[in-house]
Amino acid sequence: MLEARLEQANLLKKVVDAIKDLVQDCNFDCNDSGIALQAMDNSHVALVSMMLKSESFSPFRCDRNIALGINLTSLTKVLRAAQNEDILTLKAEDAPDVVNLVFESAESDRISEYDIKLMDIDQEHLGIPETEYAATISMPSAEFQRICRDLMALSESVSIECSKEGVKFACQGDIGSGSVTLRSHTNVDKPEMNVEIDLTEPVSLTFSLKYLVGFCKASSLSGQVKLCLSNEVPLLVEYALANNSYLRFYLAPKIGD
Amino acid sequence: PIGQGSIKSFFTHS
């Protein structure tokens with residue numbers, strides 16, 4: 001059986017909110033290392049990979065591999081009933097028909113309990129190769145969100161060029177063009193404001209802004225976002241969570257010119 | 001025009 005207790009419902013609320021517009025029905029794969037999710041969007045352009053390590057829960061118990069096939073719209077409806085600060089416990093039997101969610105208020109004696117019917121989801125599982133990326137950029141997640149939103153007003157796609165000069169986000173549209181360039185930057189007082197660029201070779205790739213803006217819904221999960229790029233491979237956008245847990249998005253580059 | 005690649009062409013089935 002599965003029993004996983006989260007100190008704050010907020011974490012799961014934010015994760016589900018960040019991915020629910022990209023993917024609809026997903027398997028939450030539970031085993032003794034934690035709860036993982038991998039799903040592609042309908043167009044097979046982007047892939048979400050979430051890992052909530054067992055250390056992110058206290059306690060965490062999962063004796064066998066259990067796949068919880070959940071419709072994220074249903075999960076959102078139920079999670080709306082949880083206060084951000086509630087303690088959230090997920091429970092399921094070994095061959096479950098439902099997943100049970102319990103929300104406990106730390107301040108009052110209120111306990112809410114919900115069951116969500118599970119679905120049988122036959123999901124493709126893709127192997128993601130370990131990649132030595134040519135460029136890795138860590139930057140404030142709010143800054144990345146702002147850049148994507150600003151450039152989407154002009155164009156549907158953005159080129160991300162990384163060189164030793166810095167990283168340049170550029171777009172061209174019907175009304176004109178725009179770009180934002182960031183250089184490495186260290187803020188001793190506010191490390192969340194740091195921009196760190198780790199480059200082994202220059203990279204230039206073009207991506208759909210619609211997807212990037214969608215990924216940025218995860219911004220509230222982490223002050224920093226990491227972008228990993230290599231020529232002609234998908235972009236990795238990573239939001240690191242506590243206890244080595246993470247929410248990652250992969251986006252296939254645009255091809256041709 | 002720029003085409004959109006598929007994520008499946010980059011990752012293998014596991």
Side-chain angles (χ1 to χ4, degrees), chain A residues 22-23 27 29 36 38-49 122-131 133 155-160 170-174 204-212 214-215 228-237 248-257, chain B:
Chain A
L22 195 64
V23 292
N27 281 323
D29 295 309
Q38 189 201 83
M40 277 183 285
D41 78 302
N42 282 335
S43 330
H44 296 171
V45 171
L47 181 134
V48 183
S49 172
D122 186 17
Q123 214 158 38
E124 277 186 271
H125 200 273
L126 298 179
I128 302 165
E130 282 286 316
T131 306
Y133 287 97
S155 175
E156 59 129 34
S157 57
V158 59
S159 72
I160 306 180
C171 74
Q172 290 189 318
D174 293 339
S204 178
L205 285 162
T206 302
F207 299 100
S208 161
L209 277 164
K210 180 183 75 176
Y211 283 92
L212 293 179
F215 301 166
C228 302
L229 301 106
S230 281
N231 283 317
E232 289 163 37
V233 306
L235 165 73
L236 165 58
V237 179
R248 293 176 181 160
F249 299 95
Y250 294 88
L251 180 60
K254 296 238 178 187
I255 41 182
D257 197 346
Chain B
I2 299 173
Q4 174 63 63
S6 158
I7 198 87
K8 283 169 82 172
S9 59
F10 296 96
F11 296 146
T12 53
H13 281 92
S14 62

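Basis for what follows: all heavy atoms, side chains included, without hydrogens, waters or symmetry-related copies. Each chain gets a letter, A, B and so on, in the order its sequence line appears, and its residues count up from 1. Fair warning: this is a prediction, and the values are worked out from it, not measured in the lab.
Nearest approach of Ser6(B) to Ala252(A), heavy atoms of both residues: C-CB, 3.8 Å. Between Leu47(A) and Ile7(B) the shortest heavy-atom distance is CB-CG1, 4.2 Å. Closest heavy-atom contact between Leu126(A) and Lys8(B): CD1-CG, 4.2 Å.
Within 6.0 Å of atom CD in Gln123(A), more than 12 heavy atoms from other residues, nucleotides or ligands are found, so the atom counts as buried in its surroundings.
The distance between the ring centers of Tyr250(A) and Phe11(B) falls below 6.0 angstrom.
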